[in-house]
Protein chains: 2
Amino acid sequence: MQNLLAEYHDKLSRNNYKLTSQRKDILTVLINNKEQHFSVEDLYNEVKKINPNVGLATIYRNLELFCRLNITHMLEFESDYKHYELISEDDHHHHLICMNCDKIIEFNDEDLIEFEDRLAKDYDFDMVKHYIKFYGYCNDCQNSDDKELK
Amino acid sequence: MQNLLAEYHDKLSRNNYKLTSQRKDILTVLINNKEQHFSVEDLYNEVKKINPNVGLATIYRNLELFCRLNITHMLEFESDYKHYELISEDDHHHHLICMNCDKIIEFNDEDLIEFEDRLAKDYDFDMVKHYIKFYGYCNDCQNSDDKELK
DNA sequence: TTGAATGCAAAGGATTTGCAAGCCC
DNA sequence: GGGCTTGCAAATCCTTTGCATTCAA
């Protein structure tokens, strides 16, 4: 955790950004909840627990910055607000989204690497990251009659 | 094209929605531009060419409906508005997105089916569709110095 | 010290909503 | 004819911006 914060501090410095106390607080919340993704509002509320004076605009401005620096990335789930989470290098981390109850199942998988390599070669594309969303019905909802779509 | 429109008409009827002239116009534009994805504004402008009296809210309301019925789906590209396009059954259709120039390269691939099948089994998830976005640098931008991130 | 970063509040802009009028089935 | 749809315009709400103040380096 100290490691990660130091690493992000470095990256900010290298790109001529300062590690303000607000940035430190935002990163701390993200680091302490690596497995979670936050809406801006939720993140704002968490950071306020550490620093009650932080402004919402600061959260927006810094998430934008962190995404630009590849410290965080944005997740978009249809019919919902944007969410953000830390990028972790060795994490192949994707989502199964239930079209009925909107449940989000997270999973990790290494098998896409091969596929990705071939793709990078075929399209001469320098691959940095990928986001994959699978839509369908979770096991709770597979027999439900609520689903539209007859 | 008649086929597709009739099919969508059926699906609307089966779910107790009417095929209004506005819905027909919207679907017609989408069908005639299957390979394109539209922002709401762009779609609005196209539909106005057919029916100048259509309202913007109608476009929003119907795209929401069409997505709910799995006639269209929403594409989200970071730092941009939402886009929409028709869903075509047999299309495995994904995007490579350049992080420098924002170029979007579309590609089709069948290789993910196997992966997807395993996943569906592992998580007892009834898979309907998947969207995959790869981020990186296109060949024009690979040697550019503009990229941040030192 | 000094330009970058923040907080606040106001502005912006995409999307949604209320309601009377219109239209599909 | 009846109720779903539409058009219009106003409202909503997430996000951005301007500006004076504060702060990291």
Side-chain angles (χ1 to χ4, degrees), chain A residues 5-6 8-29 37-45 47-69 71-72 74-84 148, chain B residues 5-6 8-29 37-45 47-48 50-69 71-84 148:
Chain A
L5 196 52
Y8 296 140
H9 188 173
D10 273 2
K11 186 176 264 192
L12 286 167
S13 302
R14 267 177 281 133
N15 287 281
N16 294 111
Y17 296 103
K18 297 167 182 169
L19 183 63
T20 62
S21 71
Q22 291 85 343
R23 284 178 183 160
K24 198 196 293 191
D25 295 339
I26 296 170
L27 288 170
T28 298
V29 168
H37 42 81
F38 288 93
S39 68
V40 176
E41 198 71 23
D42 289 345
L43 184 57
Y44 176 51
N45 289 326
V47 174
K48 273 206 296 199
K49 291 180 185 170
I50 302 177
N51 172 2
N53 296 318
V54 74
L56 182 56
T58 300
I59 307 290
Y60 276 102
R61 277 187 282 231
N62 283 307
L63 282 174
E64 191 276 329
L65 173 65
F66 294 160
C67 284
R68 206 145 33 80
L69 292 175
I71 290 173
T72 58
M74 189 205 303
L75 301 166
E76 298 162 287
F77 303 114
E78 308 191 18
S79 77
D80 213 345
Y81 315 134
K82 292 172 180 171
H83 285 68
Y84 295 84
E148 199 151 5
Chain B
L5 197 52
Y8 296 140
H9 186 172
D10 273 3
K11 186 176 263 190
L12 286 167
S13 302
R14 266 177 282 136
N15 287 281
N16 293 112
Y17 297 103
K18 295 166 184 169
L19 182 63
T20 62
S21 72
Q22 291 85 343
R23 285 179 181 158
K24 198 197 295 191
D25 294 339
I26 296 170
L27 289 169
T28 300
V29 168
H37 41 80
F38 289 93
S39 68
V40 177
E41 197 71 23
D42 289 345
L43 185 56
Y44 176 50
N45 289 326
V47 175
K48 274 208 292 198
I50 303 178
N51 171 2
N53 296 316
V54 73
L56 182 56
T58 300
I59 307 289
Y60 276 103
R61 278 187 282 229
N62 283 307
L63 282 174
E64 192 275 328
L65 173 65
F66 294 160
C67 284
R68 206 145 33 80
L69 293 176
I71 290 173
T72 58
H73 68 88
M74 189 205 302
L75 302 166
E76 298 162 287
F77 303 113
E78 306 190 20
S79 78
D80 212 344
Y81 316 135
K82 292 172 180 169
H83 285 69
Y84 295 84
E148 197 151 9

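Just so you know, these numbers use all the heavy atoms, side chains as well, and skip hydrogens, waters and symmetry mates. Protein chains get the first letters and strands the later ones, always in sequence-line order, with residue 1 at the start of each.
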Applied to residues 51-62 of chain A, the side-chain hydrogen bond (donor to acceptor under 3.5 Å, both in side chains) test, sequence neighbours excluded, yields A:R23-A:N62
In this structure, NE2 of B:H9 is separated from NZ of B:K18 (nearest 0.5 Å) by 11.0 Å
Enumerate the protein-to-nucleotides 23-25 of chain C contacts in which both atoms are nitrogen or oxygen and the separation is below 3.5 Å.
| residue | atom | partner | partner atom | Å |
| --- | --- | --- | --- | --- |
| C:dC25 | OP1 | B:L19 | N | 3.3 |

Here the distance between atom P of C:dA4 and atom CG of A:L69, to the nearest Å, is 15 Å
Across all chains, not counting sequence neighbours, the side-chain hydrogen bond (donor to acceptor under 3.5 Å, both in side chains) partners of B:S39 are B:D42
One should read off an interatomic distance between A:I59 CD1 and A:I26 CD1, to the nearest 0.5 angstrom, of 4.0 Å
Query raised in the report: Yes or no on side chain to side chain contact (heavy atoms under 4.5 Å, CB included) for B:F66 and B:L12, after CA distance, side-chain angles and deciding distance?
Result: CA-CA 9 Å; B:F66 294 160; B:L12 286 167; 4.3 Å; yes
On a heavy-atom basis, the closest approach of B:Y84 and B:V40 is CE1-CG2, 3.7 Å
Rounded to the nearest 0.5 angstrom, the CG-OH distance for A:L63 and A:Y44 is 13.5 Å
Double-helix bend of the helix from C:dT1-D:dA25 to C:dC25-D:dG1, axes at both ends from 5 pairs, round to 10°, gives 50°
Donor-acceptor under 3.5 Å (A:K11 side chain, A:L69 main chain)
yes
For B:Q22 and B:V54 the tightest heavy-atom approach is CG-CG2, 4.0 Å
To the nearest angstrom, the CG-P distance between A:D25 and C:dT6 comes to 10 Å
Short heteroatom pairs, N/O only, protein and nucleotides 13-20 of chain C, under 3.5 Å:
| residue | atom | partner | partner atom | Å |
| --- | --- | --- | --- | --- |
| C:dT15 | OP2 | B:Y60 | OH | 2.3 |
| C:dT15 | O5' | B:Y60 | OH | 3.2 |
| C:dG18 | O6 | B:R61 | NH1 | 3.3 |

When rounded to the nearest 0.5 Å, the distance separating CE of B:M74 from CD of B:E64 is 9.0 Å
Outermost contacting nts on DNA chain D, any atom under 4.0 Å from chain A heavy atoms, listed 5' then 3', are D:dC14 to D:dA25
Atom CG of A:L65 and atom C1' of C:dT6 are separated, to the nearest Å, by 14 Å
Rounding to 0.5 Å, atoms CG (A:L43) and NE2 (A:H83) come to a distance of 10.5 Å
dist A:N45:CG -> A:K49:NZ (nearest 0.5 Å) comes out at 7.5 Å
